[in-house]
Amino acid sequence: TAGNIALASIYDQEFNMPKAIKHYQRLVTNDDQNATYVKNLARAHVKANLLRLAEELYWKARALNNQDISVLLSLTDLAFRGKDWSLADSLTNLGMQLDSNNFQLILSKARCQYAVKNYAQSVHFLEKTRGWIDLTPFYQKMLGYGLLQLDSLDKSIHVLENLLYQEESEHTHFYLALAYQKKNNSERSIHHYDKAIAKGISGNVGKYYAGLARQYKKEKKVKDAIEAYGEAWS
């Protein structure tokens, strides 16, 4: 057993997943009631991108130890990958019954609510982390957009402008363009539409041009609006 534990760990660290799985499987075969062995085997399957088997193993690990929050978080992550937001939300609820102050669970809850467009709840959970942890750019963007959807424009702009110091992405500029548009700040809105277009690598560039065209139209800059609409439809 000690040899299998050592070899599984070494192969896992080397990302040699077939051999890591082989040794984790031997541990489980020798003791299939050991939740930690089953969890480690599940995690190795995730690393090998064998997600269906990983999910089965995580559920088995949960049956063996229903107090393990890390297993619930791993199942939640698999639910996210499958865009099963209802399952993910249920799993985070189970986790929060065990520890309502677990920040990973709180962030997962925020992500679930954001995915189903419940922006008020998403913002609620993200703001619960304030003063405790620094949100990653992924969650800062989520917070900024959620606030924008709730028409908390000054808060949204504050979050998104600060995010630009860490990560200058097309999406952040687009959200800022929308926020400034709602505040009737034409100059800043156009600035961020231009930045979003310049940085655009996704399939959303047409949307940015359309937003820019609407802003030009509002400013009665007809020639610029027509050019922007032309780019949006090209």
Side-chain angles (χ1 to χ4, degrees), residues 80-86 88-89 92 103 106-234:
F80 282 150
R81 293 185 190 214
K83 293 184 166 53
D84 190 339
W85 309 114
S86 176
D89 199 47
T92 54
F103 291 121
I106 291 169
L107 292 175
S108 293
K109 192 76 176 166
R111 188 175 173 186
C112 288
Q113 297 303 306
Y114 184 87
V116 297
K117 297 182 168 53
N118 188 343
Y119 298 114
Q121 278 296 296
S122 180
V123 166
H124 165 74
F125 284 110
L126 289 170
E127 289 190 330
K128 278 185 76 170
T129 68
R130 181 173 290 153
W132 295 97
I133 60 171
D134 291 327
L135 294 176
T136 64
F138 177 83
Y139 285 107
Q140 287 182 57
K141 207 176 300 173
M142 192 179 290
L143 176 59
Y145 187 74
L147 289 165
L148 172 61
Q149 291 299 308
L150 298 173
D151 284 330
S152 294
L153 301 179
D154 291 331
K155 282 186 178 181
S156 175
I157 287 168
H158 176 73
V159 170
L160 294 169
E161 289 281 13
N162 284 335
L163 176 56
L164 289 177
Y165 292 108
Q166 296 177 60
E167 179 190 273
E168 196 175 348
S169 77
E170 60 179 287
H171 301 101
T172 304
H173 281 297
F174 176 56
Y175 298 157
L176 279 165
L178 290 173
Y180 281 117
Q181 197 166 46
K182 284 190 173 189
K183 280 185 70 71
N184 296 314
N185 187 330
S186 177
E187 183 182 349
R188 296 299 294 163
S189 180
I190 289 170
H191 167 79
H192 285 291
Y193 274 126
D194 284 338
K195 287 282 191 179
I197 290 164
K199 293 196 165 292
I201 55 173
S202 69
N204 293 322
V205 175
K207 190 197 309 186
Y208 307 155
Y209 271 115
L212 180 61
R214 284 192 295 273
Q215 188 61 51
Y216 279 135
K217 185 180 176 185
K218 193 174 177 181
E219 294 295 302
K220 297 186 169 30
K221 295 179 178 176
V222 178
K223 182 171 176 288
D224 291 330
I226 290 170
E227 286 181 7
Y229 275 127
E231 292 289 347
W233 295 330
S234 64

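Keep in mind the model is a prediction, meaning the values are calculated, not measured.
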**Q** Please identify each residue that fulfils salt bridge (Lys or Arg N to Asp or Glu O under 4.0 Å) with Glu167, with sequence neighbours left out.
**A** Lys141
**Q** Using 0.5 Å steps for rounding, measure from the OG atom of Ser189 to the CG atom of Leu176.
**A**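 Answer for the OG-CG pair, Ser189 versus Leu176, is 9.5 Å.
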**Q** Of all heavy-atom pairs between Phe80 and Ala88, which one has the smallest distance, and what is that distance?
**A** CE2-CB, 3.8 Å
**Q** Does any donor atom in the side chain of Tyr193 or Gln215 lie under 3.5 Å from an acceptor atom in the other side chain?
**A**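 Result is no, nothing qualifies.
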**Q** Gln140 and Val159: which non-hydrogen atoms are nearest, and at how many Å?
**A**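 Closest heavy-atom pair between Gln140 and Val159: O-CG1, 3.4 Å.
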**Q** Considering residues at least two apart in sequence or located in another chain, which fulfil the side chain to side chain donor-acceptor pair (under 3.5 Å) criterion with Ser169?
**A** Thr172
**Q** Listed by chain and number, what are the ring-ring contact (aromatic ring centres under 6.0 Å, His included) partners of His173, not counting sequence neighbours?
**A** His192
**Q** When rounded to the nearest 0.5 angstrom, what distance separates OH in Tyr208 from NE2 in His171?
**A** 4.0 Å
**Q** Considering residues at least two apart in sequence or located in another chain, which fulfil the salt bridge (Lys or Arg N to Asp or Glu O under 4.0 Å) criterion with Lys218?
**A**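 By the salt bridge (Lys or Arg N to Asp or Glu O under 4.0 Å) rule, Lys218 matches no residue at all.
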**Q** Going by side chain to side chain contact (heavy atoms under 4.5 Å, CB included), name the residues that satisfy it together with Thr129, two or more places apart in sequence or in a different chain.
**A**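 By the side chain to side chain contact (heavy atoms under 4.5 Å, CB included) rule, Thr129 matches Phe103, Ile106, Leu107, Ile133, Leu135.
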**Q** What's the spacing between Leu178 CG and Leu148 CG if we round to 0.5 Å?
**A**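 These two atoms lie 6.0 Å from each other.
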**Q** Quick one: list whatever passes side chain to side chain contact (heavy atoms under 4.5 Å, CB included) with His191, sequence neighbours left out.
**A**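 Checked His191 against side chain to side chain contact (heavy atoms under 4.5 Å, CB included); matches are Arg188, Lys195.
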**Q** Run the side-chain donor-acceptor check on residues 116-125: report pairs under 3.5 Å with partners two or more places apart or on a different chain.
**A**
{"unit_1": "Asn118", "atom_1": "OD1", "unit_2": "Gln121", "atom_2": "N", "d": "3.3"}
{"unit_1": "Asn118", "atom_1": "ND2", "unit_2": "Gln113", "atom_2": "OE1", "d": "3.0"}
{"unit_1": "Ser122", "atom_1": "OG", "unit_2": "Ala110", "atom_2": "O", "d": "3.1"}

**Q** What residues form a side chain to side chain donor-acceptor pair (under 3.5 Å) with Asp134, not counting sequence neighbours?
**A**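 With neighbours one apart ignored, the set is empty.
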**Q** Can you sort out the partners of Lys128 under side chain to side chain donor-acceptor pair (under 3.5 Å), two or more places apart, ordered by chain and number?
**A**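 Checked Lys128 against side chain to side chain donor-acceptor pair (under 3.5 Å); zero matches.
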**Q** Would you please name every residue forming a side chain to side chain contact (heavy atoms under 4.5 Å, CB included) with Asp154, sequence neighbours left out?
**A**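 For Asp154 the side chain to side chain contact (heavy atoms under 4.5 Å, CB included) partners, ignoring immediate neighbours, are Lys183.
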**Q** Just verifying a value: how many Å separate Leu164 CG and Asn162 CG, rounded to the nearest 0.5 Å?
**A**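 Rounded to the nearest 0.5 Å, the CG-CG separation comes to 8.5 Å.
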**Q** List the atom of Glu170, the atom of Lys199, and the distance in Å for their closest heavy-atom pair.
**A** OE2-O, 3.9 Å
**Q** Of all residues at least two apart in sequence or in a different chain, which pass the salt bridge (Lys or Arg N to Asp or Glu O under 4.0 Å) check with Lys207?
**A**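 For Lys207 there are no salt bridge (Lys or Arg N to Asp or Glu O under 4.0 Å) partners, ignoring immediate neighbours.
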**Q** Is the closest side-chain heavy-atom distance between Tyr180 and Ile190 below 4.5 Å?
**A**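 No, side chains not in contact.
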**Q** Report the distance from atom CD of Gln181 to atom CG of Asn184, rounding to the nearest 0.5 Å.
**A** 9.0 Å
**Q** Counting N and O atoms only, with roles assigned by atom type, does the side chain of Asp89 sit under 3.5 Å from a partner on the main chain of Trp85, one being a donor and the other an acceptor?
**A** no
**Q** Working to the nearest 0.5 Å, report the span between CG of Leu163 and CZ of Phe138.
**A**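 Answer for the CG-CZ pair, Leu163 versus Phe138, is 12.5 Å.
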**Q** Taking only residues two or more places apart in sequence, or in another chain, which ones meet Gln149 in a side chain to side chain donor-acceptor pair (under 3.5 Å)?
**A**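 Partners of Gln149 by the side chain to side chain donor-acceptor pair (under 3.5 Å) criterion, ordered by chain and then number, come out as Tyr145.
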